[in-house]
Amino acid sequence: MKKLRWILIVLLVVGLLLSACQAQPAAPEEEEGPFQIAVVMPSSINDLAFSQSMYDALLRVQEEMGGEEAMTFDYSDGMFVVDDAAAAIRDYAAEGYDLVIAHGSQYGSSLQEIAPDFPETSFVWGTTVDTFGIDNIFAYEAASDEGGYVNGVIAASLTESDVLGVVGPIETGDAKLYVDGFVAGAEATNPDVQVNVNYIGSFSDVALASEAANTHVAAGADAMTGTAQMVVGAIGVAEENDAMWFGTQSSQTELAPDVVVANQIYRWEVVLNEIIDLIGEGTLGGQSFTINLENGGEVIEFNPEYDLPEDVKDLADDTIQGIIDGTISTDVSE
Amino acid sequence: MSKPSQENWYAKLIDIALPIFATLAALIVGAVMLLLLNVNPIEAYAALWEGAFGSQNALAETLVKATPLLLVGLGICISFRGDVINIGGEGQMIVGAIIGTQVGLRMVDSPGWLVVPLALLAGFAGGALWGGIPGLLKAYFNVNEILSTVMMNAIAVQLMTFLLRGPMIDPAQAELASKIPQTARLMENFRLPRWIPTRLHLGALIAVVLAVLVYILLWRTTWGYRIRSVGQNPDASAYAGIQVKNYIVLALVLSGAFAGLAGVMQVYGVNYRMITDGSGSGFTGRAGFNGIVAALFGQLHPLGTIPASILFGALLVGANKMQRVVQVPSALVIALNGLVVVFVVSSEIWRRKRQRRRLAAEMALQEGAPGESDGSEAAHYGGEVD
Amino acid sequence: MISDLFSMTVLVGILASGIRLATPYLYAAIGETFGQRSGVLNLGVEGQMLLGAFTAFYVAIQTGNLWLGVLSAMIVGAVMGLAMAFVTVNLQAVQGISGIGFYLFGLGLSDLLFQRVLGTVETVKGFPKFNLPVLSDLPIVGEIFFQQNILVYISFALVPLAWFVLNKTTLGLKIRAVGENPEAADSLGVSVARIRYLTIILGGTLSGIAGASLSIALLNVFQQNMTSGLGFIAVALVYFGAWRPFGVLGGALLFSLVNSLQLWVQVLGIPIPSDIAVMMPYILTILVLVISVSRVRAPSALTKPFKREE
């Protein structure tokens with residue numbers, strides 16, 4: 001008997017909850033005032049990598065547009081759980097934000113589902129080129145292979161041991177593109193060079209990233225690179241062993257000013273500005289953008305502290321120009 | 001069965017209210033942290049409530065979050081009752097999802113009424129497999145299940161990454177340079193029905209029905225009796241002729257199976273594809289761990305796990321909303337989650353004390369009456385049985 | 001390519017990096033061994049490590065004193081241990097769950113502090129390689145064992161010390177008695193509560209050092225969730241080592257060596273998919289246990305709260 005009652009209570013609770021569900025969600029309010037952006041990001045805004053590159057870009061966009069009067073943005077960082085991110089995206093859209101940025105390739109599926117429910121809101125998804133043919137979704141990606149290629153060219157010109165090391169997270173997406181570009185650039189410059197690549201299977205295991213770098217050093221590497229937030233462990237190893245380091249996504253110079261040669265930096269504002277302009281004109285999506293060396297969305301930042309030989313600097317500049325002109329192909333995209 | 005009385009109801013009510021008070025106490029400590037971050041705690045907690053229960057969509061999200069917690073929790077009820085500590089829920093969810101997704105990806109020409117049940121069964125089987133391995137290792141090679149399930153979690157994550165960026169990758173992604181590690185999207189007729197316009201899916205109801213079935217399994221069948229008996233006293237069980245090893249394996253197989261089902265339901269009910277961010281919890285949302293907490297809040301009782309999962313799901317969903325509204329780092333949400341777990345689990349002592357007092361009073365009343373055997377077995381997990 | 005694995009450089013590389021990687025596991029797992037020997041399972045090791053790692057880093061960067069960093073990490077670890085002990089001993093909470101709670105708390109709080117106090121990833125000048133006279137100059141052996149930072153040496157020295165304490169001292173006897181038969185220990189006048197407080201706080205302290213060994217010795221940075229599951233592996237290694245310090249050492253070395261081996265497998269271009277290579281240490285740890293078919297029993301009172309009969 002008592003058990004039966006238990007079951008009844010549970011059913012009653014569930015029934016009550018469901019019936020409470022009848023209320024309609026509040027309609028998004030049309031607001032005068034600043035342009036409102038919401039962004040959902042997988043890691044933390046100060047990861048010195050992927051998420052920080054977007055956060056910093058938003059700060060720059062805000063400044064260019066004229067501060068908080070003109071544009072405000074809210075963020076959810078650390079949203080690595082895909083369905084939590086989906087809930088956040090839907091919620092931001094329902095709150096009436098003008099632009100909702102899903103900054104992670106794993107969020108695409110959710111966006112595909114949510115965007116049609118909010119035809120007045122513009123969504124943007126990266127990194128990808130796929131807008132699903134939905135006309136309120138923009139897409140963006142980084143041609144990270146281009147900066148990778150340039151870094152590879154410089155590394156291969158500077159190495160004395162002819163061995164380079166790469167520390168990657170998992171073999172996919174932006175990371176794989178960057179690594180493949182680096183390998184291609186290095187091999188095109190110096191046929192004798194050997195590039196050892198290590199994927200550690202994690203975006204967060206700083207200790208293993210550091211040990212991967214140690215392995216590269218033991219294998220003779222005198223220049224290394226790596227991508228994603230766990231490489232901060234590898235940079236320390238480079239510094240300790242006086243090996244050159246090449247950064248990507250955000251500037252990593254400050255972590256090891258003596259050994260960082262160059263960084264590929266993402267400047268998403270190039271894409272964001274364009275998207276904000278389009279929204280102003282009434283286009284809410286349907287286009288995809290790529291940041292690359294040509295449009296200034298990717299910049300190679302040389303560490304001023306590092307004494308880069310003149311001829312290598314020239315070679316790097318020529319390579320950048322060659323990629324922009326299309327005379328050099330990174331040869332990684334299929 | 002003792003007769004339900006007025007007092008009994010009152011006692012029950014307090015037992016149920018206890019974890020809620022503990023949660024409130026944890027939120028008060030959280031309020032101090034919020035104040036330190038220059039955030040008005042009242043505003044923050046209003047947002048938390050709003051996010052968990054404030055609207056149709058909020059309620060639905062709470063239940064969506066609660067579903068995998070309940071399913072994993074049901075498995076935990078079984079294994080912990082059998083004194084097997086399964087902390088491999090994360091890996092079991094992943095493997096269940098992998099195998100279940102295969103069904104939907106391969107049987108594209110079959111009707112939905114066939115594919116969906118088959119996929120759920122496949123997920124169940126996948127989880128059973130991933131739980132069964134530590135079960136066999138424990139029973140026949142004396143490999144501790146905490147060790148093996150921790151390791152199997154890590155193995156499952158790498159297996160998922162390997163499959164999703166290789167053999168199982170979305171053909172559309174395989175052609176792009178970005179190569180997002182995800183499978184193709186499930187056909188529309190392969191998706192679990194939803195309570196439109198929310199994400200609440202049929203899986204929630206299935207999970208509740210299964211909770212009843214697990215209750216029946218544990219207390220109304222020989223299998224259940226033996227699992228509990230082995231958990232309580234393996235030596236006596238062996239003496240009584242129970243094949244202890246088989247029931248250790250069974251406990252882990254069933255436990256894994258429910259986690260596997262939770263995994264496959266995330267695919268067929270929520271995401272419509274399998275996707276990874278390189279970590280395990282990106283896919284599971286830590287349900288493999290949080291389900292353990294939910295089951296213990298539910299006093300390792302399948303029916304108690306239902307409200308416990310909803311409470312916990314509400315907290316997770318509401319805390320995310322709070323993060324958005326008052327713009328605190330998501331790290332605070334995790335810390336708060338931890339505080340709630342510690343406070344609730346600590347509050348159990350008062351429930352146990354009350355229970356002991358009641359038991360003593362009953363004993364005094366009816367000296368020599370046949371005692372209920374299932375009162376003490378889960379005592380060291382704080383479990384309670386009707 | 002596979003034959004490259006057996007060259008001297010590679011072997012020395014694997015061993016040296018295996019020893020470095022084993023260090024945080026050793027601190028955390030030895031601490032956990034004391035706890036479990038007294039009957040307490042602490043799944044919160046990872047949270048204690050993260051808070052320890054952050055504290056050590058922050059104090060080191062503020063004061064420039066690395067030892068002060070280690071000391072602060074120990075204190076923070078001990079405080080976390082104290083809280084765990086109160087919840088476990090006095091409130092008799094379910095140990096597996098309270099541990100998960102403390103893990104989440106440490107994970108969140110360390111990240112929160114990192115974001116609010118430091119704001120960005122920085123580096124600190126950590127413990128340098130500490131060369132021992134003569135030993136460090138030995139060919140091969142010196143390179144593998146004696147060109148490490150001081151926290152590495154201490155972690156290995158901890159193993160025989162822990163063995164001695166557990167097996168050769170009265171305190172060790174009390175700890176084991178409390179873990180095996182708390183009722184009997186109690187009746188002989190051993191305070192079960194006091195012993196468990198002691199071991200849990202000790203475990204927290206060592207987990208704090210484990211965190212410090214990452215943030216100011218091995219890696220010299222702090223990053224959110226930088227332990228990345230290391231604390232859970234440490235708990236698993238206690239089971240691998242069958243609650244014996246030298247067994248734990250074996251487990252930590254096995255796991256770490258295979259991990260550095262898989263890094264080399266990738267570097268040498270041996271054609272195995274990277275994800276499969278990453279699985280190797282996990283699979284091998286299980287396999288070794290299967291083959292060795294250990295018959296060692298867990299401490300009888302593990303996870304069971306002690307209630308004094310009145």
Side-chain angles (χ1 to χ4, degrees), chain A residues 1-3 5-7 10-11 13-14 17-18 20-26 38 42 44 74-84 86-88 90-92 94 104-106 108-110 112-113 117 127-130 141 145 169-174 176-177 201-204 332-334, chain B residues 1-2 4 8 51 53 55-57 59-61 63-65 157-158 161 165 172 175-182 185 195 197-200 208 211-212 215 266 270-273 275-279 281-286 303 306-307 310 316-317 320-321 323-324 327 329-331 334 386:
Chain A
M1 279 311 286
K2 234 164 61 181
K3 266 107 209 184
R5 191 136 41 161
W6 251 108
I7 296 166
V10 168
L11 289 179
V13 168
V14 171
L17 289 177
L18 290 181
C21 290
Q22 296 307 325
Q24 282 303 308
S44 100
D74 288 324
Y75 67 90
S76 291
D77 67 344
M79 287 283 112
F80 63 94
V81 177
V82 176
D83 62 296
D84 284 352
R90 181 175 285 280
D91 198 50
Y92 280 130
S105 54
Q106 65 268 41
S109 226
S110 320
Q112 188 174 6
E113 201 182 302
D117 293 347
T127 55
T128 181
V129 291
D130 194 357
E141 69 165 357
D145 51 323
I170 65 171
E171 207 172 339
T172 178
D174 186 73
K176 180 170 164 52
L177 208 55
S202 160
F203 281 90
S204 55
V332 295
S333 319
E334 282 138 61
Chain B
M1 301 262 113
S2 58
N8 220 327
F53 300 111
S55 66
Q56 172 189 16
N57 196 54
L59 259 174
E61 285 295 324
L63 296 180
V64 168
K65 197 75 181 171
V157 172
Q158 295 305 323
T161 312
R165 65 179 189 81
E175 286 173 16
L176 297 174
S178 55
K179 295 206 174 21
I180 298 170
Q182 62 183 26
R185 215 159 177 239
W195 182 288
T198 71
R199 294 202 293 175
L200 180 58
V208 171
V212 177
Y215 167 72
Q266 288 302 94
V270 182
N271 297 327
Y272 299 151
R273 63 164 33 126
I275 189 158
T276 178
D277 69 333
S279 73
S281 9
F283 169 71
T284 62
R286 291 210 187 90
L303 302 182
I306 299 173
I310 295 175
L316 294 175
V317 169
N320 277 335
K321 171 80 175 179
Q323 185 277 325
R324 291 193 288 277
Q327 289 286 296
S330 56
I334 297 173
D386 283 337

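The structure presented is a predicted model; accordingly, all values stated were derived computationally and were not measured. Protein chains get the first letters and strands the later ones, always in sequence-line order, with residue 1 at the start of each.
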Review point. Without hydrogens or angle criteria, can the side chains of A:Thr172 and B:Arg165 be said to hold a donor-acceptor pair below 3.5 Å?
Key: no

Study note, to complete from the structure: By salt bridge (charged side-chain N to carboxylate O under 4.0 Å, His left out), A:Asp91 pairs with (sequence neighbours left out) B:Lys321, B:Arg324

Check your understanding: Which heavy-atom pair separates A:Arg90 from B:Pro197 by the least distance, and what is that distance?
Key -> NH1-O, 4.5 Å

Exercise for review: Could you tell me whether the side chain of B:Lys65 reaches within less than 4.5 Å of the side chain of A:Asp84, counting heavy atoms only?
Suggested key: yes

Practice item. Let me know if A:Ser110 has heavy atoms under 4.5 Å from chain B in its side chain, its backbone, both or neither. Key: neither

Review point. Given a strict heavy-atom distance threshold of 4.5 Å, which part of B:Asp277 is in contact with chain A: side chain, backbone, both, or neither?
Key: both

Exercise for review: Say whether, by atom type as modelled, one donor and one acceptor occur between the side chain of B:Arg199 and the main chain of A:Asp83 under 3.5 angstrom.
Suggested key: yes

Exercise for review: Would you give the length of the straight line joining atom CD of A:Gln112 to atom OH of B:Tyr272, rounded to the nearest 0.5 angstrom?
Suggested key: 11.5 Å

Practice item. May I ask you to test the A:Val82-B:Gln266 pair for a side-chain heavy-atom distance under 4.5 Å? Key: no

Practice item. Of all the heavy-atom pairs spanning A:Glu113 and B:Val270, show the shortest one and how long it is. Key: OE1-O, 3.9 Å

Point to revise | Nearest non-hydrogen partners of A:Tyr75 and B:Gln323, listed with the distance | key: O-NE2, 3.1 Å

Check your understanding: Can you name the side-chain contact (heavy atoms from CB on, under 4.5 Å) partners of B:Ile180, sequence neighbours left out?
Key -> A:Ser105, A:Trp125, A:Thr128, B:Gln173, B:Ser178, B:Gln182

Review point. Which of the residues A:Ala88, A:Ala38, A:Gly78 is involved in the greatest number of heavy-atom pairs with chain B at under 4.5 angstrom?
Key: A:Ala88

Point to revise | Largest heavy-atom contact set with chain A, pairs under 4.5 Å, which of B:Ser279, B:Ser330, B:Ala172, B:Gly285 | key: B:Ser330

Exercise for review: Find out whether A:Gln106 and B:Phe283 are in side-chain contact, i.e. whether some heavy atom of one side chain is under 4.5 Å from a heavy atom of the other.
Suggested key: no

Check your understanding: In terms of heavy-atom pairs under 4.5 Å with chain A, which of B:Arg185, B:Gln158, B:Glu61 leads?
Key -> B:Arg185

Check your understanding: At a heavy-atom separation under 4.5 Å, does B:Thr161 approach chain A through its side chain, its backbone, both, or neither?
Key -> side chain

